[in-house]
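Below you'll find the structure, written out as structure tokens, and then a few comments.
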Protein chains: 2
Amino acid sequence: MSAADASILLVDDHSVVREGYRSVLQKQPGLRVIAEAADGAEAYRLYKSEAPDLVIMDLSMPGIGGIEAIRRIRQWDKGARILIFTMHQNAGFAVQAIRAGARGYVTKTSPPETLVRAVMDVLAGKIAISPDIDHELALSRLGGESSAADVLTAREFEVLRLLLAEKTTDEIAETLHVSPKTVANLHSLIKDKLGVGSDIELVRLALRQGLLTEPDLGEA
Amino acid sequence: MSAADASILLVDDHSVVREGYRSVLQKQPGLRVIAEAADGAEAYRLYKSEAPDLVIMDLSMPGIGGIEAIRRIRQWDKGARILIFTMHQNAGFAVQAIRAGARGYVTKTSPPETLVRAVMDVLAGKIAISPDIDHELALSRLGGESSAADVLTAREFEVLRLLLAEKTTDEIAETLHVSPKTVANLHSLIKDKLGVGSDIELVRLALRQGLLTEPDLGEA
DNA sequence: CGAGCCCCGGGAAAATTTCACGACATTGCA
DNA sequence: TGCAATGTCGTGAAATTTTCCCGGGGCTCG
């Protein structure tokens with residue numbers, strides 16, 4: 001392990017962003033980027049063929065999202081090491097990712113040193129969480145109020161993500177390879193668990209909990 | 001102008017992402033990155049002190065957002081050339097950015113060549129829009145997002161307002177003294193007029209059009 | 001007066017939500 | 001180790017809602 005470089009698979013749907021990972025990681029001795037993927041399905045395929053020591057992956061991607069990709073990869077290889085590197089500064093996402101099998105969660109606002117440090121920690125077998133998320137997690141613990149989407153299972157969370165992305169039931173069934181009935185069923189179950197009665201309440205709850213990202217457009 | 005390299009200011013709140021811009025742009029002769037900023041306010045300060053030939057900027061940033069930053073910079077220098085480079089694949093945001101004075105709008109999913117091409121176009125005085133947004137814009141022209149709630153009658157708008165206030169069909173029927181059946185019919189008609197297929201899309205459209213008071217979570 | 005909207009609601013078809021049930025994996029306990 | 005107990009995922013069918021199509025009454029405008 002110490003003789004050869006650690007091999008890394010980069011997954012992000014923004015090619016310029018992958019370029020950024022590369023640039024930062026290349027400066028670090030002992031690391032080598034061996035492959036890149038632009039979505040979860042491609043990541044899964046490449047993981048199976050390349051067997052990298054570490055996957056660095058974004059969460060929000062077209063098609064199957066990051067959470068689902070984690071599950072599939074970990075199903076293939078129980079020992080897979082996956083580090084999530086994302087813009088979502090949200091404890092709920094972090095909880096879901098770790099629960100699905102990720103070994104680390106770092107936000108893109110973190111300085112490059114934090115990412116490098118997290119990479120090293122995960123390769124060493126530790127769990128790595130960036131400081132801002134640590135803080136968020138602590139807050140959500142203290143807040144006590146019926147916490148966010150951590151009452152949802154990974155599957156339910158994934159369906160919720162796709163619903164919020166304005167996908168139809170049939171489209172979601174297609175991407176997850178399940179029956180449309182099942183998606184409708186999960187949709188109903190999600191609303192039940194979150195205690196909302198309509199899709200409208202569902203979206204507004206998601207907004208409050210930061211599950212939806214809208215840019216700040218300022219005043220007109 | 002043509003003798004010296006074109007100077008560029010990069011603005012993005014993710015340092016690793018800025019690293020990506022840099023890496024891509026450095027391969028292109030004639031371009032030189034002279035400064036970086038992590039938010040709109042810093043971008044404005046740096047623009048005044050460095051007077052770059054071009055600004056490449058993200059939209060969603062902490063503090064003052066990208067749109068507001070465009071306005072301030074253009075207020076200081078009417079000839080400023082600003083290229084928006086963002087993850088938001090949304091025609092509405094592109095329209096707002098261009099209207100605020102941006103000279104280009106490219107999504108981060110675009111390949112590096114598209115970004116480089118857009119940089120060159122903007123430096124040459126053209127307006128640059130990435131193909132995916134072009135397509136979105138064409139769709140919205142063809143009857144995609146029916147402008148605002150000015151296609152709705154007063155009655156319909158009132159029902160929409162109550163729906164967004166998380167009222168149930170029966171409650172709305174009660175307050176308006178009509179049959180629940182009528183409310184359901186109007187609800188359906190509203191979605192039809194606005195060109196959305198689900199309540200989730202409906203809420204997000206309302207958000208984009210400022211019909212919903214967004215919960216202000218976050219920094220001062 | 002006739003044309004064009006808007007508001008209101010009925011009925012039937014289509015889609016959805018909901019409910020009840022099994023298969024499967026994991027956990028806890030004796 | 002054996003064996004409930006629990007929780008997740010998925011399906012089918014019933015119950016409900018949404019959608020579509022329809023007509024009547026009221027209103028304005030040319």
Side-chain angles (χ1 to χ4, degrees), chain A residues 64-65 67-79 92 95-101 146-147 149-164 166-203 205-206, chain B residues 146-164 166-203 205-206:
Chain A
I64 74 169
I67 301 282
E68 179 67 15
I70 295 171
R71 297 208 318 149
R72 295 198 188 173
I73 290 174
R74 297 272 303 185
Q75 196 168 336
W76 168 265
D77 174 7
K78 286 292 183 194
V95 169
Q96 287 290 332
I98 300 291
R99 190 179 293 164
S146 57
S147 49
D150 59 12
V151 302
L152 299 181
T153 69
R155 199 61 156 171
E156 291 157 357
F157 196 76
E158 180 69 4
V159 170
L160 175 58
R161 188 186 70 83
L162 292 168
L163 283 171
L164 295 175
E166 309 189 29
K167 302 292 184 188
T168 68
T169 297
D170 288 329
E171 285 169 350
I172 295 173
E174 165 70 21
T175 46
L176 295 185
H177 304 295
V178 298
S179 140
K181 301 279 188 167
T182 297
V183 175
N185 212 337
L186 286 173
H187 185 170
S188 174
L189 186 59
I190 288 166
K191 289 197 290 185
D192 185 46
K193 278 195 176 182
L194 296 182
V196 300
S198 68
D199 282 342
I200 290 175
E201 291 176 72
L202 184 65
V203 179
L205 180 140
Chain B
S146 302
S147 53
D150 57 12
V151 302
L152 299 182
T153 68
R155 195 61 154 171
E156 289 157 0
F157 195 79
E158 177 68 3
V159 170
L160 175 57
R161 195 182 65 78
L162 292 169
L163 282 170
L164 295 175
E166 308 188 25
K167 302 292 184 186
T168 69
T169 296
D170 288 331
E171 286 169 351
I172 295 174
E174 165 71 20
T175 36
L176 296 184
H177 304 295
V178 297
S179 138
K181 182 65 197 241
T182 298
V183 176
N185 275 337
L186 286 173
H187 186 169
S188 177
L189 185 59
I190 289 166
K191 288 198 288 186
D192 184 47
K193 278 194 176 182
L194 295 180
V196 300
S198 69
D199 282 343
I200 289 175
E201 291 176 71
L202 184 64
V203 179
L205 179 141

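First the proteins, then the strands, lettered A, B, ... as listed; each starts at 1.
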Separation of [N] [atom2] from [X] [atom1] (nearest whole Å):
X	N	atom1	atom2	answer
B:His177	C:dC8	NE2	P	11 Å
B:Leu176	C:dG9	CG	C1'	14 Å
B:Leu163	D:dT18	CG	C1'	13 Å
A:Leu160	D:dC9	CG	P	14 Å
B:Glu201	D:dT18	CD	P	16 Å
B:Leu189	C:dC8	CG	C1'	12 Å
A:Phe157	D:dC9	CZ	P	14 Å
B:Ile172	C:dC8	CD1	C1'	16 Å

What's the closest nucleotide to the side chain of [X] if the choices are [options]?
X	options	value
B:Lys191	C:dC19, D:dT19, C:dT17	D:dT19
B:Thr182	C:dC8, D:dC20, C:dT18	C:dC8
A:Arg71	D:dC9, D:dT19, C:dC8	D:dC9
B:Val178	C:dG9, D:dT18, D:dG12	C:dG9
B:Glu156	C:dG9, C:dC7, C:dT17	C:dC7

Please give me the minimum heavy-atom distance between B:Arg155 and B:Leu176, naming the atom from each residue.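 Scanning both residues completely, I find the closest heavy atoms to be NH2-O, 3.6 Å.
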
Looking at every heavy atom in both A:Thr169 and A:Ala184, which two are closest together, and how far apart are they?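 Between these two residues, the closest heavy atoms are CG2-N, 4.2 Å.
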
Just call it for B:His187: base, sugar-phosphate, or nothing, with non-hydrogen atoms closer than 4.0 Å on any strand.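 Answer is nothing: B:His187 stays at 4.0 Å or more from every strand.
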
What does A:Asp192 touch in the nucleic acid at a heavy-atom separation under 4.0 angstrom: a base, only the sugar-phosphate, or nothing?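 No contact at all - A:Asp192 keeps every heavy atom at 4.0 Å or more from the nucleic acid.
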
Taking atom types as they are modelled, is there a donor-acceptor pair under 3.5 Å from the base of D:dT19 to the side chain of B:Lys181?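 Flag set: donor-acceptor pair detected.
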
Donor/acceptor link under 3.5 angstrom from B:Asn185 side chain onto base of C:dC8: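 No such pair is found, so the answer is no.
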
Ignoring backbone atoms, establish whether A:Ser188 has a side-chain N or O less than 4.0 Å from OP1 or OP2 of C:dT18.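 The answer is yes; a side-chain N or O of A:Ser188 sits under 4.0 Å from OP1 or OP2.
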
Any carboxylate oxygen within less than 4.0 angstrom of a Lys/Arg side-chain nitrogen, looking at A:Arg161 and A:Glu158?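 Looking at A:Glu158 together with A:Arg161, the answer is yes, because their closest N to O distance falls below 4.0 Å.
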
What do you reckon, is CD of B:Glu174 surrounded by more than 12 foreign heavy atoms closer than 6.0 Å?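 Incorrect, the count does not exceed 12.
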
How long is the straight-line distance from CD1 of A:Ile70 back to CD1 of A:Ile98, given to the nearest 0.5 Å?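 With rounding to 0.5 Å, CD1 (A:Ile98) is 8.0 Å from CD1 (A:Ile70).
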
